[in-house]
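Data block below; observations after.
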There are 2 protein chains.
Amino acid sequence: MVKRRISLKDIARELGVSISTVSRGLRDHPDISGELIVRIKELARLRRYTPNPMAMGLLKQRTRMIGVIIPDLLTHFFSSVISGIEEVAKEHGYFVIISSSNESYQKECENIENLMKARVEGFIVCVSQETRDYSHFEQIIDAEMPLVFFDRVCLKDKVPTVTVDNFTASRLITHHFHENGARRIAYISGPEQLSISEERKAGYLSGLRECGLKFRPEYFEECDLSPSSATMATQRLLGLGSPPDAIFGINDTVVFAVMKEIRKSGIAIPDDILLVGFTDEFHATVVEPTLTSVIHPTHEMGQVAAGLFFELVENVGIRPRSVQLETSLVVRNSSVKKSKT
Amino acid sequence: MVKRRISLKDIARELGVSISTVSRGLRDHPDISGELIVRIKELARLRRYTPNPMAMGLLKQRTRMIGVIIPDLLTHFFSSVISGIEEVAKEHGYFVIISSSNESYQKECENIENLMKARVEGFIVCVSQETRDYSHFEQIIDAEMPLVFFDRVCLKDKVPTVTVDNFTASRLITHHFHENGARRIAYISGPEQLSISEERKAGYLSGLRECGLKFRPEYFEECDLSPSSATMATQRLLGLGSPPDAIFGINDTVVFAVMKEIRKSGIAIPDDILLVGFTDEFHATVVEPTLTSVIHPTHEMGQVAAGLFFELVENVGIRPRSVQLETSLVVRNSSVKKSKT
DNA sequence: CTGAAAGCGCTAACAG
DNA sequence: CTGTTAGCGCTTTCAG
C-alpha cells in the first residue's frame with residue numbers, strides 16, 4: 001500500500017559508497033571528507049530522506065512516544081493541558097498519544113496496557129474518578145518507565161506530580177462568599193478518593209472556620225462529576241429546610257448543571273444564591289449570569305508535567321519532585337449581588 | 001532507563017528451543033507440536049511477552065498509527081469525532097496520534113511533515129480554515145498513503161470524505177426562521193474557502209428563495225470563526241438601518257459570541273431576534289435562552305471516517321467513496337418567540 | 001517437526 | 001578517510 005520510503009541503502013547505492021559512510025556523513029562525522037558530506041546531504045535532501053523511526057526505535061530502544069491518559073477529551077481543561085504537554089514534547093522530538101479513560105477505572109487499565117504494548121516510553125496521567133486501586137500505576141513504576149501525574153494524583157511518594165493549590169483556592173472561595181454576605185455556604189464535591197476532592201474540602205472547612213461559620217454536613221454534597229448527579233445534589237440542597245445561600249462545585253461542568261437546576265426552581269442567581277465554579281471552562285463567560293470561577297494555569301500545567309516527564313527520562317532514579325501551581329479567582333456576576341455592585 | 005522487555009529470544013533460551021520455533025508456536029503454526037505450543041504460550045504469558053511493534057513495523061513496514069489532524073482540540077465537535085475514530089482504530093489494532101493545526105495552514109503542513117517522519121500509515125484530516133493550497137495533501141496522496149477528510153473537505157475527486165448535509169441543514173434553519181415569523185434572516189459564515197461555508201451558504205440561499213425572501217447581501221457576513229470576529233460581524237448586522245430579526249452562524253462558538261453581543265445591546269432573544277447555532281456544542285443547553293442548533297452525528301462521523309480509512313488501507317487503489325450524514329435541528333428557546341409557545 | 005539464516009533500516013565497534 | 005560486521009526483535013524461506 002504505502003510506497004517504501006527512501007533509505008540509507010538507496011542513497012549509498014546511488015552514490016556508490018557504503019551505508020555507514022552515508023550514515024556518518026549525514027551526522028557530520030569527522031571521519032568523512034567534507035566534500036563527500038556535502039554530496040551525501042545534497043542527495044539526501046533531494047530524495048527527501050528521513051530516518052526510519054522504527055529502525056531507530058529498535059536500535060536505541062526508544063520510541064519517543066509519551067502516553068497521556070486523561071479522564072475525558074471533551075473538557076476544555078484537559079485539552080488545554082494537552083496542548084502544554086504537546087508543546088514541550090515536540091521540543092524534545094517526542095510524540096504524544098492521547099487516550100481517554102472516560103473516568104473509568106477499567107478503561108484506564110486497558111489504556112495503560114495498550115500503550116505499553118505500543119511501547120510508549122512513559123506516561124503522563126490524570127487519574128480517573130473511579131480509580132481506588134493503584135496497582136496498574138505501580139506496574140509502570142516497576143517497569144522503570146517514567147510516570148507523572150497532573151491535577152488528580154496518587155502515590156505521591158513515588159511519582160512526580162503537578163497540581164494546583166486546591167486548598168487555598170477553595171478557602172478563598174469560602175471567604176469570597178462570606179464577604180458577599182453568604183452564611184450558609186455549600187460545597188458540591190467529587191468522589192472522595194480524588195485528591196482534588198479532598199484538598200478542596202479541606203480548604204472549604206478551613207475557610208468556614210476562619211469566617212466563624214460552622215461546618216454543617218447537610219451543606220456538603222458529593223457527586224460523580226456528571227451533570228445528572230450534580231443536579232441531584234442540587235435538588236437535595238435546595239430541598240433543605242434552610243437551603244444554602246451560596247454553592248460552589250468541584251468543577252464548572254458540575255456548576256453548569258447546578259445553575260440549570262437552580263434556574264428551574266425560580267431562584268435567582270446571584271440575588272438569592274451565590275455560585276462559584278472551578279477550572280473556568282470557556283463557557284463560564286457565556287452563561288447568564290457569567291460564572292465566577294477559579295482559573296487554572298492549564299497550559300502551564302501541561303508544560304510542567306512534560307518537564308517533569310523529561311527530567312525522569314534524562315535522569316535515572318531522580319527522586320520525585322512535585323510542583324504546585326497557583327490559581328486565581330475570577331469574580332464575575334454569579335457571586336456578587338447586584339445590589340452590592 | 002526503561003527495562004528491556006521480554007523478547008522471543010528470552011523465551012527461546014529459557015525453553016531451550018530456537019527463536020523461530022517460539023515465533024511459530026505463538027502463532028499456532030501447524031509445524032509445531034501441540035505440546036510445545038502449549039509450553040511456549042504458557043511461558044510467554046507468564047513472562048508477559050508482547051511482540052515489539054518496532055520490530056514488526058520494520059519488518060512489515062506498517063506502524064499501525066493513524067495521524068489525525070484537526071483545527072482545534074477544544075471544541076466538543078472535534079473531541080467527539082476523535083472518540084469515534086479511536087473506537088474503530090482500536091478495533092483494527094491501530095493507534096491514533098492527534099495533532100491540532102490551530103486553524104493554521106502552516107501548522108497543518110508542519111503536522112503532516114512530522115507525522116510522516118513518525119511514519120504514520122495515513123491521515124484523517126479536517127482542513128484548517130486558513131488552508132487554500134492543497135499541495136501538502138497531494139503529497140500524501142503521491143506517497144500512496146491513505147487519506148480521508150471529514151467535515152471540511154477538499155480534493156473531493158481524489159480523497160474519500162465524510163460530511164454532513166450542510167445544504168439541507170441550513171435550508172431547514174432558514175425555513176424554521178421563516179415559520180417563526182422572521183423575514184430579515186442573516187447568516188454569519190466562515191471563510192469562503194471552507195467547504196462547509198460554501199455549502200451552508202447555498203442552503204441559506206435556497207431556503208430564502210423557497211420562503212419567498214430575497215437575498216440581501218448586507219445580511220450575509222463572514223468571519224474567521226473566532227469569537228472576536230463573530231462579535232464584529234454581529235455589530236455590523238445590528239448596526240444596519242433595518243437589522244435582521246434572525247441570525248444563524250456557522251457554528252456554536254460563533255453564535256455564543258453573537259449571543260453575548262446581542263445581549264450587550266439590550267436586544268431580547270428570542271423576542272426581538274431569533275438565533276440558531278450549528279454543531280450543538282455541549283453548552284448550547286446551558287446558555288440562557290437555550291440555543292437551537294443543528295446536531296451533528298459527531299461520533300458516527302469519526303467512525304465512518306475511520307471506516308473509510310481502513311477501506312483505503314485494505315484495498316489498494318479503491319476509488320474515493322464519500323459519505324454524507326444527516327443532521328437534525330434541535331429546537332430550543334433561542335429561535336421560538338415566547339408569545340408563540 | 002525444528003533450526004539456521006536472511007533481511008527490514010540503522011548505528012557503532014572494529015578493521016583496514 | 002571508508003567499508004565490514006553485528007545486532008536491535010521479528011518473520012520467513014530454506015534446509016534438515
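Order of the sequence lines sets the chain letters (A, B, ...), proteins ahead of strands, with each chain counted from 1. Computed from a prediction, not measured in an experiment: that's the story for all the values here.
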Tell me: [atom1] of [X] to [atom2] of [N], nearest whole Å?
X       : N      : atom1 : atom2 : answer
B:Gln61 : C:dC10 : CD    : C1'   : 13 Å
A:Met54 : D:dT11 : CE    : P     : 15 Å
B:Leu58 : C:dC8  : CG    : C1'   : 5 Å
B:Asp28 : C:dT2  : CG    : P     : 14 Å
A:Ile40 : D:dT2  : CD1   : C1'   : 10 Å
B:Glu35 : C:dT2  : CD    : C1'   : 14 Å
A:Ile37 : D:dT2  : CD1   : C1'   : 12 Å
A:Leu8  : C:dC8  : CG    : P     : 13 Å

Open item on the list: Measuring from atom CD1 of B:Ile98 to atom CD1 of B:Ile124, what distance do you get when rounded to the nearest 0.5 angstrom?
Closed with: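 These two atoms lie 10.5 Å from each other.
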
Task: Spacing of B:Ser79 atom OG and B:Ile82 atom CD1 [to the nearest 0.5 Å] - done: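 Between B:Ser79 OG and B:Ile82 CD1, I get 6.0 Å after rounding to 0.5 Å.
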
Open item on the list: Any salt bridge linking A:Glu113 with B:Arg48? Criterion: basic side-chain nitrogen under 4.0 Å from a carboxylate oxygen.
Closed with: no

Open item on the list: Tell me whether B:Glu130 is salt-bridged to B:Lys107, with the criterion being a basic N under 4.0 Å from an acidic carboxylate O.
Closed with: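 Judged by the 4.0 Å cut-off on N to carboxylate O distance, B:Glu130 and B:Lys107 do not form a salt bridge.
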
Open item on the list: Less than 4.5 Å apart, side chain to side chain, heavy atoms only: is that true for B:Asp28 and B:Lys41?
Closed with: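 Sidechains of B:Lys41 and B:Asp28: in contact.
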
Please determine whether a side-chain nitrogen or oxygen atom of [X] lies at a distance below 4.0 Å from atom OP1 or OP2 of [N].
X       : N     : result
A:Thr21 : D:dT2 : no
A:Ser7  : C:dC8 : no
A:Lys9  : C:dG7 : no

TODO: Take the C1' atoms of the five end pairs on each side of the helix from C:dC1-D:dG16 to C:dG16-D:dC1, get both axes, and report the angle to 10 degrees.
DONE: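 The value is 60°.
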
- [ ] Not counting sequence neighbours, list each pair that qualifies as a ring pair (Phe, Tyr, Trp, His ring centres under 6.0 Å) and has a residue in residues 88-129 of chain B.
- [x]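 Sorted pair list: B:His92-B:Phe310, B:Tyr94-B:Phe310, B:Tyr105-B:His136.
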
Open item on the list: Which is more 5' along DNA chain C, the nucleotide nearest B:Ile32 or the one nearest A:Tyr49? Just name the residue.
Closed with: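 Nearest nucleotide further toward 5': that of B:Ile32.
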
Sub-3.5 Å pairs of nitrogen or oxygen atoms, protein against nucleotides 12-16 of chain D:
residue : atom : partner : partner atom : Å
D:dT12  : OP2  : B:Arg27 : NH1          : 3.3
D:dT13  : O4   : B:Arg24 : NH1          : 3.4

Task: Distance-only side-chain donor-acceptor flag, B:Ser101 / B:Ser128, under 3.5 Å - done: no

Open item on the list: Do B:Asp133 and B:Ser135 pair up side chain to side chain, a donor and an acceptor below 3.5 Å, judged on atom types alone?
Closed with: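 Note: B:Asp133 and B:Ser135 side chains meet the donor-acceptor criterion.
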
Open item on the list: Under 4.0 Å, heavy atoms only, any strand: does B:Pro30 hit a base, just the sugar-phosphate, or nothing?
Closed with: nothing

- [ ] Please say whether more than 12 non-hydrogen atoms of neighbouring residues, nucleotides or ligands are located less than 6.0 Å from CD in A:Gln106.
- [x] no

